[in-house]
Engineer: 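Here it is, the structure, as structure tokens.
Only a predicted model underlies this, so the values are computations on that prediction, with no experimental measurement involved.
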Amino acid sequence: MEKGLSQNSLDAYSRDLAALRVFSDPLTHGALPDAEALQSYVNHLYQKELSARSIARHLSAIRSLFHFLLAEEEVMVDPTEHLSSPKQWSTIPKFLNREQIDKLIAAPDCAKPSGLRDRAMLELLYATGIRVTELTLLRMSNLDLRLGVVRVTGKGNKQRMVPVHHTALSTIADYVERGRPRLLKGKTSPSLFVTARGSAMTRQAFWASIKLNGRKAGIFHNLSPHVLRHTFATHLLEGGADLRSVQTMLGHADLSTTEIYTHVVRSRLRDTLDRHHPRA
């Protein structure tokens, strides 16, 4: 909490540390794990065939714990010092092509208020690349239709302003005018995106929605809100955007996190060269 982590991160770290305790207690008889026990735990995570990203998160939780214990002088040596993190993003992030994204956004049934909401959420996600938690936490006051920007609260409660293109703004305005009042049925809510019960949309509800609309659009493989975030970044870079601007809009604290998308663009450049150069 002192680090300003989101509730989702706190929950994930709690689960990770609980899993470490279950694994290490039989080895250490309830004492804090040493370097050898921690290395055994990392090997155990690899044997479970977790993704590199998941293992890196486990290690981040463990390192945070021992850094805290060092600061509090509960331990004198950091057993995580020589633990190596797995290389993340060993595969290029999945993203949709232009035809797929158009089909997905067109999939919701806009004769229903929930369809107007789902299309507005998909448009905004693709227009801004914000995280699904940032999307569901948006309030009416965060959106300025006149200026065409949305104020987003990201990780560590950091706020950023993200521009929104006119197509998404028009779709959102239509939802606010026609869909949102029908969902609220006279109730009031500060949330921008609401359910038929008048409560704010949750991450889980939107995941279910995007899966459903993905099936309608004929997109079945590992579709998630994060795929739209990757799609936003990839399409911007393919269109000539600079990496720093994409970093700012995505809310990445470190440019190295954004640099994965340059691999996507490079792979497409290689494909273009191979297909179109006369000597390729």
Engineer: Which atom names give the shortest non-hydrogen contact between T136 and M121, and what distance separates them?
Structural biologist: CG2-CE, 4.4 Å
Engineer: Hey, does the side chain of K216 reach the backbone of P108 with a donor-acceptor pair shorter than 3.5 angstrom?
Structural biologist: no
Engineer: Could you work out, with side chain to side chain contact (heavy atoms under 4.5 Å, CB included) as the rule, every residue matching A35, not counting sequence neighbours?
Structural biologist: P79
Engineer: Sequence neighbours left out, what passes salt bridge (charged side-chain N to carboxylate O under 4.0 Å, His left out) with D25? Give chain and number order.
Structural biologist: R21
Engineer: For H67, check ring pair (Phe, Tyr, Trp, His ring centres under 6.0 Å) against everything at least two apart and list the hits.
Structural biologist: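 H67 satisfies ring pair (Phe, Tyr, Trp, His ring centres under 6.0 Å) with no other residue.
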Engineer: Under 4.5 Å side-chain heavy-atom separation, chaining through any Ile, Leu, Val, Met, Phe, Trp or Tyr, what else clusters with L147? Say none if it is isolated.
Structural biologist: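 Via sub-4.5 Å side-chain contacts, L147 links to V149, M161.
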Engineer: Can you sort out the partners of Q39 under side chain to side chain contact (heavy atoms under 4.5 Å, CB included), two or more places apart, ordered by chain and number?
Structural biologist: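 Applying side chain to side chain contact (heavy atoms under 4.5 Å, CB included) to Q39 gives V42, N43, L83.
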Engineer: With sequence neighbours left out, what residues match T202 under side chain to side chain contact (heavy atoms under 4.5 Å, CB included)?
Structural biologist: Q204, A205
Engineer: Under 3.5 Å, sequence neighbours excluded: what are the donor-acceptor pairs made by side chains of residues 122-130?
Structural biologist:
{"unit_1": "Y126", "atom_1": "OH", "unit_2": "H235", "atom_2": "ND1", "d": "2.8"}
{"unit_1": "T128", "atom_1": "OG1", "unit_2": "L124", "atom_2": "O", "d": "2.6"}
{"unit_1": "T128", "atom_1": "OG1", "unit_2": "I130", "atom_2": "N", "d": "3.4"}

Engineer: Strictly by side chain to side chain donor-acceptor pair (under 3.5 Å), give each pair with a member in residues 164-177 just once, sequence neighbours left out.
Structural biologist: D174-R178
Engineer: Among residues at least two apart in sequence or on other chains, which ones pass side chain to side chain contact (heavy atoms under 4.5 Å, CB included) with L50?
Structural biologist: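 Applying side chain to side chain contact (heavy atoms under 4.5 Å, CB included) to L50 gives L45, K48, S54, I55, H58.
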Engineer: Can you list everything that forms a ring pair (Phe, Tyr, Trp, His ring centres under 6.0 Å) with F232? Sequence neighbours excluded, please.
Structural biologist: none
Engineer: Report the C-alpha distance between L96 and V227 in whole Å, list the side-chain angles of each, state the deciding distance to 0.1 Å, and finish with yes or no for side-chain contact (heavy atoms from CB on, under 4.5 Å).
Structural biologist: CA-CA 7 Å; L96 304 180; V227 170; 4.0 Å; yes
Engineer: With a 3.5 Å distance limit and no angle check, can you tell me whether R117 reaches the backbone of R180 through a side-chain donor-acceptor pair?
Structural biologist: no
Engineer: Other residues, nucleotides and ligands only: do more than 12 of their heavy atoms fall within 6.0 Å of CD on Q159?
Structural biologist: yes
Engineer: Crowded around R139 CZ? As in, over 12 foreign heavy atoms under 6.0 Å?
Structural biologist: no
Engineer: With F66, which residues qualify under ring pair (Phe, Tyr, Trp, His ring centres under 6.0 Å), at least two apart?
Structural biologist: none
Engineer: Restricting to side-chain hydrogen bond (donor to acceptor under 3.5 Å, both in side chains), what partner residues turn up for Q247, sequence neighbours left out?
Structural biologist: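 Here the qualifying residues are R244.
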Engineer: Is it the case that more than 12 heavy atoms not belonging to K158 sit under 6.0 Å from its NZ atom?
Structural biologist: no
